[in-house]
Amino acid sequence: MSVSLFVFKGEDFNYPESRIVDEMPVSFQRVWKETWEKAISECKIKIFVCGGMFSINTIPGVLAELDSVFDWVNHNGGRDMKYIQNRIQELKEFLNSYYNEQETLDYWFDLG
């Protein structure tokens with residue numbers, strides 16, 4: 001099992017016509033449980049959390065949170081440090097592409 005970031009297009013996540021349009025793998029389940037969850041907790045991350053939804057307008061805040069997790073992993077990451085740092089870089093590029101190219105459209109992101 002793994003954790004992925006799902007992208008929905010629609011007026012609202014609960015809007016009946018919303019649909020998944022993209023997906024970005026984030027982490028293997030083991031790495032998520034062992035390292036990501038600890039980093040998210042210790043960095044007091046509020047937006048980029050499992051089961052949390054965020055809109056395209058929130059992406060700048062998510063990018064800042066990912067920077068905090070990157071720094072935490074740099075100091076505390078252990079054997080999965082490089083893997084997580086690479087995933088964070090890919091996530092930031094992925095989110096930036098949506099924010100820069102689709103800023104005026106209705107996109108919702110679900111980490112699960």
Side-chain angles (χ1 to χ4, degrees):
M1 212 168 149
S2 63
V3 176
S4 292
L5 181 64
F6 298 94
V7 182
F8 292 83
K9 184 168 183 348
E11 187 175 306
D12 179 300
F13 172 71
N14 293 316
Y15 187 64
E17 295 179 24
S18 290
R19 64 191 190 290
I20 295 176
V21 294
D22 210 345
E23 176 185 359
M24 173 76 172
V26 175
S27 179
F28 294 112
Q29 190 70 32
R30 177 194 61 80
V31 177
W32 182 266
K33 286 283 189 199
E34 289 176 6
T35 308
W36 279 89
E37 285 183 351
K38 187 172 183 181
I40 286 170
S41 174
E42 290 186 14
C43 293
K44 298 180 178 24
I45 302 301
K46 302 289 184 211
I47 306 168
F48 194 78
V49 295
C50 230
M53 296 288 302
F54 59 92
S55 72
I56 197 164
N57 298 325
T58 314
I59 288 177
V62 172
L63 296 174
E65 288 185 345
L66 288 171
D67 285 339
S68 294
V69 172
F70 186 95
D71 292 341
W72 186 94
V73 168
N74 190 43
H75 292 93
N76 306 292
R79 67 183 172 152
D80 297 309
M81 179 179 72
K82 290 293 182 199
Y83 167 73
I84 296 169
Q85 288 175 329
N86 287 336
R87 298 308 302 155
I88 289 172
Q89 288 302 109
E90 291 171 3
L91 278 165
K92 288 175 64 176
E93 291 171 15
F94 180 78
L95 289 168
N96 265 321
S97 72
Y98 269 94
Y99 189 71
N100 293 331
E101 297 169 17
Q102 311 291 340
E103 185 178 2
T104 60
L105 300 176
D106 293 323
Y107 284 97
W108 295 85
F109 301 83
D110 181 23
L111 186 62

Residues forming a salt bridge (Lys or Arg N to Asp or Glu O under 4.0 Å) with [X], sequence neighbours excluded:
X: Lys38; answer: none
X: Glu37; answer: Lys33
X: Asp67; answer: Lys92

Which pair of heavy atoms, one from [X] and one from [Y], lies closest together, and at what distance?
X: Val21; Y: Lys9; answer: CG1-CB, 3.8 Å
X: Ser2; Y: Ser27; answer: CB-O, 3.2 Å
X: Phe6; Y: Gly112; answer: CE1-O, 4.0 Å
X: Leu95; Y: Ile59; answer: O-CD1, 3.6 Å

Which pairs of donor and acceptor atoms, one on a side chain in residues 43-56, lie under 3.5 Å apart (sequence neighbours left out)?
from, atom 1, to, atom 2, distance (Å)
Ser55, OG, Asn57, N, 3.4
Ser55, OG, Thr58, OG1, 3.3

Side chains of [X] and [Y], heavy atoms from C-beta outward: is any pair under 4.5 Å?
X: Val62; Y: Phe109; answer: no
X: Glu23; Y: Leu5; answer: no
X: Tyr98; Y: Val7; answer: yes

Under the side chain to side chain donor-acceptor pair (under 3.5 Å) test, residues paired with Asp71 that sit two or more places apart: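 Applying side chain to side chain donor-acceptor pair (under 3.5 Å) to Asp71 gives none.
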Report the residues that fulfil side chain to side chain donor-acceptor pair (under 3.5 Å) with Gln89, sequence neighbours left out, ordered by chain and then residue number. none
Could you state the interatomic distance from [atom1] ([X]) to [atom2] ([Y]), rounded to the nearest 0.5 Å?
X: Phe70; Y: Ile84; atom1: CZ; atom2: CD1; answer: 10.5 Å
X: Thr35; Y: Met81; atom1: OG1; atom2: CE; answer: 11.0 Å
X: Leu91; Y: Leu66; atom1: CG; atom2: CG; answer: 6.0 Å
X: Glu42; Y: His75; atom1: CD; atom2: NE2; answer: 13.0 Å
X: Trp36; Y: Asp80; atom1: CH2; atom2: CG; answer: 11.5 Å

Between Tyr83 (side chain) and Phe28 (backbone), is there a donor-acceptor pair under 3.5 Å?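 Flag set: sc Tyr83 to bb Phe28 pair under 3.5 Å.
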Tyr107 and Asp22: side chain donor to acceptor below 3.5 Å: no
Can you check side-chain contact (heavy atoms from CB on, under 4.5 Å) on Val26 and Arg87, steps first, answer last? CA-CA 6 Å; Val26 175; Arg87 298 308 302 155; 5.6 Å; no
